[in-house]
Every structure is written in C-alpha cells, then in structure tokens.
Amino acid sequence: MPGKIRTIQKDISETELGWCQCHEHLFIADGPSRKINSALFMGDEQKSLAEVLLYKKAGGCSLIDAQPYGCGRMAENLVSVSQQANIHIIACTGFHKTEYFSDDEWVFKQTDDTLAAIYLHEIIEGMYSSEHIRLTAKAGVVKCAAIKGEYQANKTYETLFHAAAQAARQTGVPLLVHMDKEADALRVIAFFESYGIRPETIMVCHLDRTKYDYRYHEEVASTGAYLEYDTIHRLKYHSDEKELALISHMVGSGYAGRLLFGLDTSNRRLKSYGANMGLDYILTEFKPLLVERLGANTVNRIMIENPAKFLCF
Ligand SMILES: [Zn+2]
C-alpha cells in the first residue's frame, strides 16, 4: 500500500504536499506559555488566517503546526484555517515541555499507557478540541520535547517519552522532537531506535541554535534522522549569513536529504500579530539566498521532497 500523509482535513499522497515548513505555530491559547514568554500567545483566528493567506500567496502549500495536545493547541481553529485558506496543516499530538501544560498536575498523574492511548486516539480517531470535545480531524505527527537528560530527565519525561514511542511505533506516524539547549539528539534517536523506530521517521528541531557545531550536525544526520533548522532571521542568535553557512556546509557534506526548514513562529514572527517578518519570510526573503548558494533543485528537495518523505507513513 502506498504511504500517506495525515493532514487535519484528510490523508493525502506524497505528491500533494508541496512547499512545506516543518515547525510552525499558528495558534497558542492564552495560558502557561504566555506567562513564561509573552511571544507565545496567538489566539486570534482572523489574524492567523491572514498570516496563512500571506504564506499561501508567496507559494506555501503545507505546514506542520508544532503545538501539541494540552498546551493550547486550538485544534478547532487549525481546522477552520486549513479549510478557509485551503492549505494542508499537519497537526501534532504528543507533548511539549511540562511547564507549558495547562494542567501539569494531570500530566504528572498519567501512566505511559494512558498517555499513549490519548496520542493513539488523536492519530487514529481524531484530536481533542480546546474544550476537550472530540474532533474528526486527526494528528499526523507525535511531538516530544527533550530537555537535559532527555527521556531520563525525570519520571514525568520518562513516562511521556515512552508513551510517545508507543504511539509512534504502533501507527508509524513520524516524531518531531523539540531540542533544548543541553539535550542530546543522539541519545533521543537511540532511545527511539530501542523501540524499533527508524531514525528516518524522527525530526530533531532547533539544533541550528542550540548546538551550532558542524561535526555534531553531521553525526546526527548520519543516523538518518532529519535536522530541522528554524533559526532563520532569528537575529538574537545569529545572522542569516551564519545560518546559510551551516546549511551550505551540510549540503556540501552530502546531507541535503536530511534537512527540513521552518520558522518556529511566535507572535514576534508573524506579521498579522504586529511583527516585521512573517510566515512568508523564507519564500520572499530567504529563498533567493538559498537558491543562489544551493541551486533551485536542492532548495526544492529540502522544502518539498524531504518533508513529504518525512511525513509519509
Ligand atoms: Zn516550536
């Protein structure tokens, strides 16, 4: 049977995906995230829709929304935006860092089986809305968050990681892993491999800002996992020139097939919420620089072919 990509409206084939940014946030409900960082609040459907329309106008076809269950995901609004803008959105189940949960007490009480059952339900039957109503829209990715110590950081992370691994193994759905500054991608990949999960179904995110180290990136890419870069125009970390240097190095080392890009948006990176850059930044500003360095074929490979291969199960 040919594989499929699970978008929130329907399953699609690999060839239908098109230009896909692999780690974005269209919505984050008011809650713990906003208290931690005021940039992490996007609760206005009209604004998020306007942003997606800008992205579409620039050539965007699809995106992965990286906000998981229980962390202000606003799944019902993702569905509405996907329908109104006619764009493919791949949603996440799984978990983020525990401080982002709106009911962290609840999370601490779960077992890996009860959490895995929720993740499986969201992939197979449909996601839960903000009001905990069951939707028919399904999740197509399992998100995890790795802090220092990864799956052994503490008892809660251990439970969360095992639950995510169970759901990914049973369904074949790919994994998206947030990497904190001191988290080790190699240990995360090895953990999932111990479950029989192939590295080719794992995306490790943000290493371009958390571990800007060519050798380390080569080592991670050589496992077969995908590296998702989103420190594009995130100037407090580094310049676009430095981002391009890393990308060029990885492509030159033969890893063009292991790269994925996104913007990891917050309200400070979305025009509709008042920022001076938007979800269309890669298409309108960064793509010409990429094409100049890498050529159009490689850029299309990273933005279209790699996401399709990663998402297909
Ligand atoms: Zn993110």
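Each ligand, and each atom within it, is numbered from 1 in the order the structure gives. Every value quoted in this text rests on a predicted model; they were computed, and no experiment measured them.
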Using 2.8 Å as a strict upper limit, say whether an N, O or S atom of [X] approaches the Zn ion (ligand 1) that closely.
{"X": "His23", "answer": "yes"}
{"X": "Asp264", "answer": "yes"}
{"X": "Cys205", "answer": "no"}

So among Lys97, Lys148, His206, which one has a side-chain hydrogen bond (donor to acceptor under 3.5 Å, both in side chains) with Asp180?
Lys97
Indicate, with yes or no, if the rings of His25 and Phe41 have centres closer together than 6.0 Å.
no
Is a side-chain N or O of Arg258 found less than 3.5 angstrom from the main chain of Ala225, in a donor-acceptor match?
yes
Has Glu150 got a side-chain atom pairing as donor or acceptor with Asp184's backbone, closer than 3.5 angstrom?
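The answer is yes, because a donor-acceptor pair under 3.5 Å joins these two groups.
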